[in-house]
Amino acid sequence: MPKFAIGQKWTSKSEPELGVGQVVKQDFRTITLLFPISGEQRIYNSKSEPPLNRYILKTGEKAVSIRGASLFVEEIIEDEDLLYYKSKGKVIPEALLHFKPMSEDNADILGKLQNFSSNFDFCLRERAAKLRGIWKSSIARGMLGPRLRLLPHQLYLSFRALKDVSLPRLMLSDEVGLGKTIESGLIWNALQTEGRIKRTLIIVPDQLKNQWIIELGKRFNCWFTNIDDDYLSEHRKYAADKQNVFSLHDCVICSLEFLIANRYVAAAALEVSWDLLIIDEAHRLIKTSKGANAEYVLAEEFSQKIPGLLLLSGTPIQLAPEAYFYRLKLLDSARFQNLEEFEKNQSNYKKVAKDLSKIPFDSDKELSWEDLQKNIPEKSPIRSWLPIKADLSLTAAEWMRRVIDALGTSSSVFRNTRKSVKGFPRRVLKTYPLGVESERFRVESGELRVESYVLNSWLCSFVEECRGEKVLLICSSSEKVVELLGILEEGTAVAFKEEESSLERDRAVAAWMDTEGPNILLSSEIGSEGRNFQCAKHLVLFDLPEDSSLLEQRIGRLDRIGQGEEIYIHVPFIKKSKMEMLFLWYHEALGIFEHSLMGGGEMYAKFEKELKEYLANPEKKYSKFVKEFLPLGKKEMALLNKKAEEGRDRLLEFNSQNKKISGELLAEAKRMDANEELLPFAFDMLEALDVDVQKGIYPDSFVLKGAPEHSEHAELLGVENARSMENGEISEFDGCSVTVITSREAALNYENISFFHWEHPIMQRLFDKALGDDFGSSACVFCDLVPPGKIFVQYNFILTFSVNANWGINNLFGEKFLSVIIDSDGNLQSDLAKELDTAALKNSKADIPDSVLEYFAAEGFETAKNSLKSKAKKIAKETEKLVISALESELHRLEETSMLLRGFELSKMLIQKKRDIEACKKSLENPKLRLDGMRILCTI
């Protein structure tokens, strides 16, 4: 096991194009390496064997320090795990060693040719190189791995968030049900995948914390550490020092209430260098000219220290414009400095929005210059810009987005609504008012018992009527689920409740989804929390919660994009009971059963006290509730809806989507999903590593089983605690197994099984193993296409560029796989290269003369490399065209935004963008051809 220390130099076995990296951070389980040449960092598990090689200069090599001093190495000494290069009284510590690109060494090449592995391993390496190149070049990279239904508006927001050089500072304000949590998760995942962030802190209201943890764990393969009172108590028991607990984890979640109540904990969190902060329910952060609440003060402290920030809030901005300004100030204090100026700009923006009200933003057709010419009024201030802009090689839609960026807030805020995002079903309400036949029976048996009996009887008859249909029933308690399960005919229903393990719940859902399985799923409130039950069109609300957001959450299990034309909401209730009063409040006042609820939180805050008083005494207050309270609530809700609709920002909604780009992202994601080479490679690679692969019991599932004699399988499969502990020591490894699922559709239905795809941790480890320097890097095979007595060598190269990850265009650079075959006379064998994939190849143990191998390690290698230089330059030129176009397009957007903002300067961003373009051009001038593998082809 290597010993790591801050300052050490290492290179990556699987990503040598990163150059030389330096250990910049170390904790008890991980090390962080910074690779300055590529501008990226990587985190490795220091408790295993990370895919790294120590970078050590040889005697006689020139050592150059970052300060300019140099020497020719005469002696190398090691002190406290760090190397020191010495010569004639001079010393250069490795921590101060200048970073330089890596180069191939002829001796290393010869060593590989003399110690070849099997052709099977060589082919695995070749397949891995090609597949990883495809993945790294994909515009959907970072969006492929999560267990998600691919939705265009969510893919586009992730794409937009990654475009800037700086980390995103955005407000995601989609309407309820459009997936703000998913959007923030996608952005986080993409930033992680590109190596732009390491540490993330999520702050959410306490009641949403567990939901976030589960959502991120199941959908994004990352289980955030929940730091709360329980965690701190456990830590104090075992901690040997006063180490900051926040520094022990890269992905942490805390409740807003916990941080406010425990300022010392918040202070500890502020000491850590976070890269990204996500705050949910951001409308709770309130500041006005009169002062700020504790939530806002806390958020302000964190936002000033953390470069990336995502604020999530579905509350319409029109309901509290002053507080909205101060939230924007958290995102961009330079642009949003003055409230009066902001209000003035918003007033002007509204006038422009009114001028543009006739433009067909909601049309499925791409916006045209003709649409703008036809619909922008003659007196509009932006009318005069049109003739000039129409001459540019710019689409009308892109020009319109630039105007919106400059005049509104949409470079910082994104908002999608159900009106702008298509595909939601229509809600159809079915009510079942139930009466009690005898008042005396109600009194003698107890009111609650009678109501339960009547509702249970109704359910039995309802189930009979719905045979053959899939039905989801949600109620508030597990006890009620058990009771209902007991009264229904055996085999007609299955339970889904808190007390069961997640695996048991998954099995229940699987049985219910089976066409021959039970037709009704009885769920407690846990079924409201983010689960997908789209195979059902019928939702039974067996009781109603007092919290309207929870009711919307229940309905949201079926009311999802792609569900179909209609969903049916069935609500049984006893006449003149508390449940009927709740039903009337939700139906007649809030309108939640027909439409997605907006402003529910404001309604609850205003009417909570009165509503509870009415619900506490339905017998005496029912009449007054219907005659006075319901009309009052209905009137208030109408005002809120009117205010929200009047303030609906159609320009912001237009700018939050881009049908062309989102269509390209969706098509690319589907193409990557359909790749037929990824899984065969993965299973072959697992076989090569002695991991057993068996068909699982679920659709498209497999069991990956590690062998007891291979302790490294626990690390490969990501299985914690696979080694048992005895007296603090690790005992013998006893094997491990992981069940994975390989299709996106099946993964959405079986949420407890890991989605095995491009970006799954196991898949990425397989790439690393296959491309490590000790796996399949050379082979020797018999090939009947080679002339008798001849020896050819196939050289596989990876074409890479030194790219700064913060440019946000890594996919345009990608990795390119290039291959060439050279004979012993230095001639290219292009025809053979075309036929090699179908040739019969067998492992050979031919005794090839050292002189021949030395030729192929030196002159042959140079010939092969030189033969590809023109092709490499052509690829670099094509790549430059794409990259510079993307960067200059963003530069033009910034320049136009700066001009239109009338005085607000984006000078720093413009200067940085121009520098990026120049740096990018230099990177493209020097593409790097890295030798990745060699295969000897002979007839001996």
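Values below: all heavy atoms of this structure, side chains included; hydrogens, waters and symmetry mates excluded.
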Which atom names give the shortest non-hydrogen contact between [X] and [Y], and what distance separates them?
{"X": "L309", "Y": "L331", "value": "CD2-CD2, 3.7 Å"}
{"X": "N416", "Y": "L178", "value": "O-CD1, 3.1 Å"}
{"X": "L651", "Y": "Y349", "value": "CB-OH, 3.3 Å"}
{"X": "I286", "Y": "Y296", "value": "O-CB, 3.6 Å"}
{"X": "V272", "Y": "S247", "value": "CG2-N, 3.8 Å"}
{"X": "A396", "Y": "S368", "value": "CB-C, 3.3 Å"}

Within a strict 4.5 Å, meaning less than it, do heavy atoms of the [X] and [Y] side chains meet?
{"X": "D559", "Y": "F424", "value": "yes"}
{"X": "S420", "Y": "Q657", "value": "yes"}
{"X": "W212", "Y": "I203", "value": "no"}
{"X": "Y326", "Y": "L285", "value": "no"}
{"X": "I187", "Y": "L172", "value": "yes"}
{"X": "E183", "Y": "H153", "value": "yes"}
{"X": "R169", "Y": "S303", "value": "yes"}
{"X": "V265", "Y": "L259", "value": "yes"}

What is the distance from atom [atom1] of [X] to atom [atom2] of [Y], rounded to the nearest 0.5 Å?
{"X": "F342", "Y": "R335", "atom1": "CZ", "atom2": "CZ", "result": "9.5 Å"}
{"X": "L310", "Y": "L276", "atom1": "CG", "atom2": "CG", "result": "5.0 Å"}
{"X": "T225", "Y": "L201", "atom1": "OG1", "atom2": "CG", "result": "11.5 Å"}
{"X": "R160", "Y": "F414", "atom1": "CZ", "atom2": "CZ", "result": "4.0 Å"}
{"X": "M603", "Y": "L640", "atom1": "CE", "atom2": "CG", "result": "6.5 Å"}
{"X": "M171", "Y": "L312", "atom1": "CE", "atom2": "CG", "result": "9.5 Å"}

Q) Can you name the residues that form a side-chain hydrogen bond (donor to acceptor under 3.5 Å, both in side chains) with N293, not counting sequence neighbours? A)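 N293 satisfies side-chain hydrogen bond (donor to acceptor under 3.5 Å, both in side chains) with E295 only.
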Taking the basic N atoms (NZ, or NE/NH1/NH2) and the acidic carboxylate oxygens, is any pair closer than 4.0 Å for [X] and [Y]?
{"X": "K305", "Y": "E301", "value": "no"}
{"X": "K25", "Y": "D250", "value": "no"}
{"X": "E215", "Y": "R219", "value": "yes"}

Taking [X] for its side chain and [Y] for its backbone only, find out whether a donor-acceptor pair lies under 3.5 Å.
{"X": "K180", "Y": "D174", "answer": "yes"}
{"X": "D371", "Y": "I359", "answer": "no"}
{"X": "N189", "Y": "G185", "answer": "no"}
{"X": "R196", "Y": "L162", "answer": "yes"}
{"X": "Y156", "Y": "L151", "answer": "no"}
{"X": "N244", "Y": "A268", "answer": "yes"}
{"X": "S656", "Y": "L652", "answer": "yes"}
{"X": "Q337", "Y": "A334", "answer": "yes"}
{"X": "R327", "Y": "H283", "answer": "yes"}

(Q) As a quick check of understanding, evaluate side chain to side chain contact (heavy atoms under 4.5 Å, CB included) for C254 and I227, giving each step before the final call. (A) CA-CA 6 Å; C254 279; I227 293 184; 3.9 Å; yes
Q) Of L256, N262, I260, which meets side chain to side chain contact (heavy atoms under 4.5 Å, CB included) against F258? A)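 Looking at L256, N262, I260, the match for F258 under the side chain to side chain contact (heavy atoms under 4.5 Å, CB included) is N262.
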Q. Out of L216, I279, L277, N226, which residue meets the side chain to side chain contact (heavy atoms under 4.5 Å, CB included) rule with I202?
A.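 Of L216, I279, L277, N226, side chain to side chain contact (heavy atoms under 4.5 Å, CB included) with I202 is met by L216 alone.
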(Q) Could you go through E300 and L330, starting from their C-alpha distance and side-chain angles, then the distance that decides it, and tell me whether this counts as side chain to side chain contact (heavy atoms under 4.5 Å, CB included)? (A) CA-CA 6 Å; E300 188 174 39; L330 294 177; 3.8 Å; yes
Q: Show the numbers, then the answer: is there a side chain to side chain contact (heavy atoms under 4.5 Å, CB included) between L550 and Q553?
A: CA-CA 5 Å; L550 183 54; Q553 207 167 281; 4.1 Å; yes
Q. Do L298 and R263 pass the side chain to side chain contact (heavy atoms under 4.5 Å, CB included) test, and can you show the C-alpha distance, the side-chain angles, and the key distance before you say yes or no?
A. CA-CA 9 Å; L298 181 82; R263 291 300 300 177; 3.2 Å; yes
**Q.** Pairs touching residues 283-293 that satisfy salt bridge (Lys or Arg N to Asp or Glu O under 4.0 Å), sequence neighbours left out
**A.**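 Sorted pair list: E257-R284.
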**Q.** Test item: side-chain donor near acceptor, E322 and S289, under 3.5 Å
**A.**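 There is such a pair between these side chains.
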Q: Run the numbers on E664 and K660 for salt bridge (Lys or Arg N to Asp or Glu O under 4.0 Å), then give the verdict.
A: CA-CA 6 Å; E664 290 171 357; K660 181 176 181 296; 2.9 Å; yes
